[in-house]
Participant: 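Below are the structure tokens for one structure; questions will follow.
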Amino acid sequence: MSDLRPTGTGTDLDPWLATYAERASGLAASEVRALFAVASRPEVVSLAGGMPYVRAIPRELVAGAIDRMLLTDAPAALQYGSGQGLPRLREHIVEVMAEEGIAASPDDVVTTTGSQQAIDLVTKLFIDPGDVILAEGPSYVGALGVFKSYQARVVHLPMDADGLVPEVLEAAILEQRSLGRTVKFLYTIPTFHNPAGTTLSAERRPRIVETCRRLGVLIVEDNPYGLLWFDEAPPKPLQTLNPEGVVYLGSFSKTFAPGFRVGWAVAPHAIREKLVLATESAILSPSSFNHHLISEYLETVDWRAQISRFRDVYRERRDAMLAALGRYLPNLTWNEPNGGFYVWVGLPEELHSKQMLPRAVRELVAYTPGTGFYADGSGGREMRLSFCYPTPADIEVGIQRLATVVNGELELVRAFAGTVSLAPRRDDRAVGAPPPDLR
Ligand code: PMP
């Protein structure tokens, strides 16, 4: 039997350690995930996770859709389905996307297990180890995790209040090419960015698309929040400007419920064919049950009215968060998102969001340190606050607690300034970072 034991050196904890594929070294628990355990204690006000407030959906709407679906579709709903996704659902996805101005046909749509799986499949299709993915800095932590697991080199591009800067994008592509690297795609969240809360302006959208078209760089547009606007509808998705150059990702997670795990990709024909093969290889077929259920929900429930209810809930929470920040933390900086779930907060020079977190948890408030949103762990002077889940009253309490933490930490740091040296800042970007003038 001894020749069946793992080869190489393992540890007591994991005797298989030496046998993993190299890409498995990129699999590490995200900071957000580690936080969930702490932040889910009821006494903690969590401004950390990005969980949609699903209680805003009347339970009877979902129960009714489940009942009707089981009465009419049970045999098909309990069976394997098409790898590309239930045709009836893909027709509805086309209707949902039309709300944002996208003109697609059901054939263009590939359903996925949440848009997270779409990110994984696209990365699997395009990335060899060392290939460059351009992404906003900061960027979505779940996408960065995928990119790392495929050994991509993530190059962050800075944003301003209007999102990605077209000139910076072009310079970064050329810079990477001059270093002999292959730029495979731009991963972007142009609308109600996670975590930055920003939206790419209407004026910049065609310029970003044109730059990528001219330089032959594919765009992966991740848009789970586009329908959740508060004050005015955002500009149309990048996909509408060049359907042949964009893989567009959508999801029911924020506009319906993440528990169903249904998202989708819309891609140019050839890429779509590959995506179908990749998803079949990963999961054979998506959940027929959930596809039938969501189709039933979309056909029989006024889902537009439900999305509008979500907007009202999140608008009120955003307002509560901005007001509380103004009241209790006027010494910080933040943006005012017009949709989505997040406010991105800048801390004073002396503070470090990751180092401050244990103190925050002791004060019963949780947030996500900025460090999770950069591939190289920079972002210590930033944090993400989510307003989607806690009630306005809890947001008020949470920000009040956060003020105690921030001001307490500041007092401490300032009292010891000059006598105690803090841990070194991680402002140095790792390999693959844009040059200093692009940050
Ligand atoms: N992209 C972004 C920008 C997100 O914020 C999320 C969820 N937080 C996802 C993708 C994944 O969403 P899902 O898999 O639930 O569709």
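For ligands, and for the atoms within them, numbers begin at 1 and follow the listed sequence.
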Participant: Is the NZ or CZ atom of R311 positioned over W229's six-membered ring, under 6.0 angstrom from the centre and within 45° of the axis?
Facilitator: yes
Participant: Would you mind reporting whether R317 and I395 have side-chain heavy atoms less than 4.5 Å apart?
Facilitator: yes
Participant: At the 4.0 Å heavy-atom cut-off, does R261 count as touching ligand 1?
Facilitator: yes
Participant: Looking at every heavy atom in both P166 and I208, which two are closest together, and how far apart are they?
Facilitator: CA-CD1, 3.8 Å
Participant: Could you find the nearest protein heavy atom to atom 9 (C) of ligand 1 and give me its residue, atom name and distance?
Facilitator: Y140 OH, 3.4 Å
Participant: Give the atoms of ligand 1, by number and element, whose distance to some non-hydrogen atom of P224 is under 4.0 Å.
Facilitator: 1 (N), 2 (C), 3 (C), 4 (C)
Participant: Which ligand 1 atoms are under 4.0 Å away from a heavy-atom of S251?
Facilitator: 13 (P), 16 (O)
Participant: Going by heavy atoms in the side chains, are Y187 and I219 under 4.5 Å from each other?
Facilitator: no
Participant: Can you tell me if S105 and D107 form a side-chain donor-acceptor pair at under 3.5 Å?
Facilitator: no
Participant: Tell me the protein heavy atom at minimum distance from atom 12 (O) of ligand 1, and give that distance in Å.
Facilitator: S115 OG, 3.4 Å
Participant: Taking atom types as modelled and ignoring hydrogens, do the side chains of D128 and Y150 form a donor-acceptor contact shorter than 3.5 angstrom?
Facilitator: no
Participant: Using heavy atoms and a threshold below 4.0 Å, how should the contact between K254 and ligand 1 be classified: side chain, backbone, both, or neither?
Facilitator: side chain
Participant: So if I count the atoms of ligand 1 from 1 in the order they appear, which ones are less than 4.0 Å from some heavy atom of G114?
Facilitator: 13 (P), 14 (O), 16 (O)
Participant: Short list, please: which atoms of ligand 1 are under 4.0 Å from a heavy atom of S253?
Facilitator: 13 (P), 15 (O), 16 (O)
Participant: Y342 versus ligand 1: do any nitrogen or oxygen atoms come within less than 3.5 Å of each other?
Facilitator: no
Participant: Show the nearest heavy-atom pair for residues L325 and V343, with the distance to one decimal.
Facilitator: CD1-CG1, 4.1 Å
Participant: What residue and atom, counting heavy atoms only, is the protein's closest point to atom 3 (C) of ligand 1, and at what distance?
Facilitator: D222 OD2, 3.3 Å
Participant: To check your reading of the model: name the closest protein heavy atom to atom 5 (O) of ligand 1, its residue, and the distance in Å.
Facilitator: Y225 OH, 2.6 Å
Participant: Could you work out, with salt bridge (charged side-chain N to carboxylate O under 4.0 Å, His left out) as the rule, every residue matching E396, not counting sequence neighbours?
Facilitator: R327
